[in-house]
**Q** 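Pasting a structure here, questions to come.
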2 protein chains.
Amino acid sequence: MQLYVERGFEQTTVAEIAKRAGLTARTFFRYFADKREVLFAGSADLQEHLMRALEAAPNSASPMQVVSAVLDVAATALGQHREHSRQRQSVINTNAELRERELIKLASLSAALAEGLRRRGVPEPDASLAAETGIVVLRVAFERWVSEPHGADLSQTMRTTLDRLKTVTTAR
Amino acid sequence: MQLYVERGFEQTTVAEIAKRAGLTARTFFRYFADKREVLFAGSADLQEHLMRALEAAPNSASPMQVVSAVLDVAATALGQHREHSRQRQSVINTNAELRERELIKLASLSAALAEGLRRRGVPEPDASLAAETGIVVLRVAFERWVSEPHGADLSQTMRTTLDRLKTVTTAR
DNA sequence: TAGGGTGATGTCATCAAGTGACATCACCGG
DNA sequence: CCGGTGATGTCACTTGATGACATCACCCTA
């Protein structure tokens with residue numbers, strides 16, 4: 001993060017990262033598949049965390065209620081450290097490769113959620129639609145939250161964004 | 001496409017592509033920013049096409065009606081050549097870098113749609129939500145259409161998917 | 001028709017991202 | 001003290017990607 005902030009992502013070489021971390025480039029690649037992964041280290045953990053939330057939802061819950069519960073958990077997990085989130089997001093937003101990587105992490109999360117919904121008996125395409133919609137809300141809400149210096153907390157932003165989505169999609 | 005299908009994306013070298021096309025690797029990179037772009041050559045044109053559709057929608061149309069009109073146009077543009085689409089999609093789906101690139105193309109489209117909606121006076125976050133939701137429908141419908149050998153046409157699939165989305169998001 | 005401009009292409013050199021093969025080192029248990 | 005094991009380093013190599021420069025084909029005009 002230091003180097004990426006100091007000189008930009010592309011201008012930073014793996015050799016430099018390794019040097020600053022006190023190891024070799026070869027070793028770096030034993031821990032991270034590539035230069036981008038550094039910024040997404042926690043995403044697998046987050047995904048597991050959210051999957052547990054999904055599975056903890058009551059049997060009676062509708063697909064969107066399950067998604068809403070997952071978003072609540074996501075908000076508390078992501079909603080700390082706004083300053084750090086902002087810095088990380090600013091690095092990501094200024095580089096195409098990193099945006100690509102971010103999108104695929106979210107796509108992976110979405111696929112996992114859809115799979116979880118299917119395991120609960122939700123048929124296609126409803127499972128995919130609910131999961132993808134949830135990720136849309138997550139993304140839009142997170143973006144708004146990160147860009148406001150001292151606005152509402154993330155949970156609140158997510159809830160109002162989800163409400164907004166319902167209104168927008170059904171308005172005729 | 002030939003080479004990517006024959007030996008897979010990663011196993012294909014730019015030198016080989018260039019040779020088969022009768023030119024140099026250096027020249028290849030003058031036409032395509034990188035190895036992945038070959039498969040997304042038409043995406044800029046498609047985006048412009050859809051933006052014109054967005055701008056052609058009547059002033060009275062609600063955000064989701066505009067999106068729905070855009071999806072109609074997208075369906076007729078993408079809905080030809082199911083066989084070619086299937087082959088292309090199969091190459092993309094078997095490689096992570098290509099999936100990343102596909103996602104960012106769709107993200108770019110989504111951003112353009114949101115911007116277009118904003119120009120029409122739709123406020124945030126409604127513009128982003130409507131645009132992103134539209135892309136979700138596009139993606140889910142396209143995936144289903146491509147995986148069915150002789151199913152309904154893409155326009156039909158898109159319409160039913162959009163209906164499904166409305167039901168899923170509002171069911172309680 | 002010679003000559004000059006222009007755009008497309010090729011050649012060469014170079015850098016950085018990855019990866020495989022193998023050596024080495026630190027530490028742990030017996 | 002020794003052998004094993006996992007982490008790290010070294011080296012060599014491939015490939016993607018880019019800058020600098022040469023060349024070629026073609027067209028326009030004096």
Side-chain angles (χ1 to χ4, degrees), chain A residues 1-45 47-48 87-109, chain B residues 1-45 47-48 87-109:
Chain A
M1 267 286 277
Q2 285 178 11
L3 281 164
Y4 289 166
V5 169
E6 282 175 25
R7 17 198 325 182
F9 175 76
E10 289 174 10
Q11 286 67 44
T12 307
T13 173
V14 174
E16 292 168 337
I17 302 176
K19 187 169 185 183
R20 172 143 343 169
L23 36 79
T24 310
R26 190 65 186 87
T27 300
F28 174 90
F29 284 113
R30 288 206 179 90
Y31 286 86
F32 301 99
D34 56 49
K35 213 177 139 190
R36 313 163 204 56
E37 280 297 302
V38 196
L39 290 173
F40 302 93
S43 85
D45 284 353
Q47 180 165 324
E48 284 176 35
Q87 198 174 37
R88 173 173 174 280
Q89 204 59 35
S90 130
V91 171
I92 293 177
N93 287 341
T94 51
N95 178 270
E97 293 182 45
L98 289 174
R99 265 181 283 135
E100 289 186 343
R101 183 56 51 90
E102 182 184 38
L103 290 174
I104 215 170
K105 294 297 181 188
L106 289 169
S108 154
L109 180 52
Chain B
M1 266 284 278
Q2 285 177 12
L3 281 164
Y4 288 168
V5 169
E6 282 175 26
R7 16 199 324 183
F9 175 76
E10 290 175 8
Q11 286 66 45
T12 308
T13 172
V14 175
E16 291 168 337
I17 301 177
K19 188 170 185 182
R20 171 140 344 167
L23 36 78
T24 309
R26 190 64 184 88
T27 301
F28 174 91
F29 283 112
R30 287 208 180 88
Y31 286 86
F32 302 99
D34 58 49
K35 214 179 138 189
R36 314 166 201 63
E37 279 298 300
V38 195
L39 290 172
F40 302 93
S43 85
D45 284 353
Q47 180 164 323
E48 284 176 36
Q87 201 174 37
R88 174 172 173 281
Q89 204 58 35
S90 131
V91 171
I92 293 177
N93 287 340
T94 53
N95 179 270
E97 292 182 43
L98 289 173
R99 266 180 284 134
E100 289 185 345
R101 184 57 52 90
E102 183 185 38
L103 290 175
I104 215 170
K105 294 296 181 188
L106 289 168
S108 153
L109 179 52

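Throughout, protein chains are lettered first and strands after them, A, B, ... in sequence-line order, and every chain is numbered starting at 1.
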**Q** Is the shortest heavy-atom distance from the side chain of Val38(A) to the side chain of Tyr4(A) under 4.5 Å?
**A** yes

**Q** It should be established whether Tyr31(A) places a side-chain nitrogen or oxygen under 4.0 Å from OP1 or OP2 of nucleotide dA7(D).
**A** no

**Q** Should the pair Lys35(A)-Glu97(A) be classified as a salt bridge under the 4.0 Å nitrogen-to-oxygen rule?
**A** no

**Q** Over how many whole Å does the gap from Phe9(B) atom CZ to dT15(D) atom P extend?
**A**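 Taking atom P of dT15(D) as the reference, CZ of Phe9(B) is at 14 Å.
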
**Q** Test of understanding: with ring pair (Phe, Tyr, Trp, His ring centres under 6.0 Å), list the residues that count as partners of Tyr31(A), not counting sequence neighbours.
**A** none

**Q** For Arg26(A), what residues pass the salt bridge (Lys or Arg N to Asp or Glu O under 4.0 Å) criterion, not counting sequence neighbours?
**A**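 Once residues adjacent in sequence are excluded, Arg26(A) has no partner under the salt bridge (Lys or Arg N to Asp or Glu O under 4.0 Å) criterion.
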
**Q** Taking N or O atoms only and anything under 3.5 Å, show me the protein contacts with nucleotides 15-18 of chain C, one pair per line.
**A**
| from | atom 1 | to | atom 2 | distance (Å) |
| --- | --- | --- | --- | --- |
| dA17(C) | OP1 | Lys35(A) | NZ | 3.3 |
| dA17(C) | OP2 | Thr13(A) | OG1 | 3.0 |
| dA17(C) | OP2 | Val14(A) | N | 3.4 |
| dG18(C) | OP1 | Arg36(A) | NH1 | 3.4 |
| dG18(C) | OP1 | Arg36(A) | NH2 | 3.4 |
| dG18(C) | OP2 | Lys35(A) | N | 3.1 |

**Q** Which residues pass the ring pair (Phe, Tyr, Trp, His ring centres under 6.0 Å) test with Phe28(B), not counting sequence neighbours?
**A** Phe32(B)

**Q** Roughly how far apart are Arg36(A) CZ and Ile92(A) CD1, rounded to 0.5 Å?
**A** 12.5 Å

**Q** Rounded to whole angstrom units, what separation is found between the CG atom of Leu3(B) and the P atom of dT15(D)?
**A**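 After rounding, the gap between these two atoms is 14 Å.
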
**Q** Is the shortest side-chain N/O distance from Thr27(A) to OP1 or OP2 of dG9(D) below 4.0 Å?
**A** yes

**Q** Could you give the NZ-to-P distance, from Lys19(B) to dT11(C), as a whole number of Å?
**A** 13 Å

**Q** Listed by chain and number, what are the ring pair (Phe, Tyr, Trp, His ring centres under 6.0 Å) partners of Phe29(A), not counting sequence neighbours?
**A** none

**Q** If you restrict it to nitrogen or oxygen atoms, what contacts under 3.5 Å exist between nucleotides 19-24 of chain D and the protein, and what is each distance?
**A**
| from | atom 1 | to | atom 2 | distance (Å) |
| --- | --- | --- | --- | --- |
| dG19(D) | N7 | Arg26(B) | NH2 | 2.9 |
| dG19(D) | O6 | Arg26(B) | NE | 2.9 |

**Q** Give the C-alpha distance, both sets of side-chain angles, the deciding distance and a yes or no for side chain to side chain contact (heavy atoms under 4.5 Å, CB included) between Arg101(A) and Glu37(A).
**A** CA-CA 8 Å; Arg101(A) 183 56 51 90; Glu37(A) 280 297 302; 2.7 Å; yes

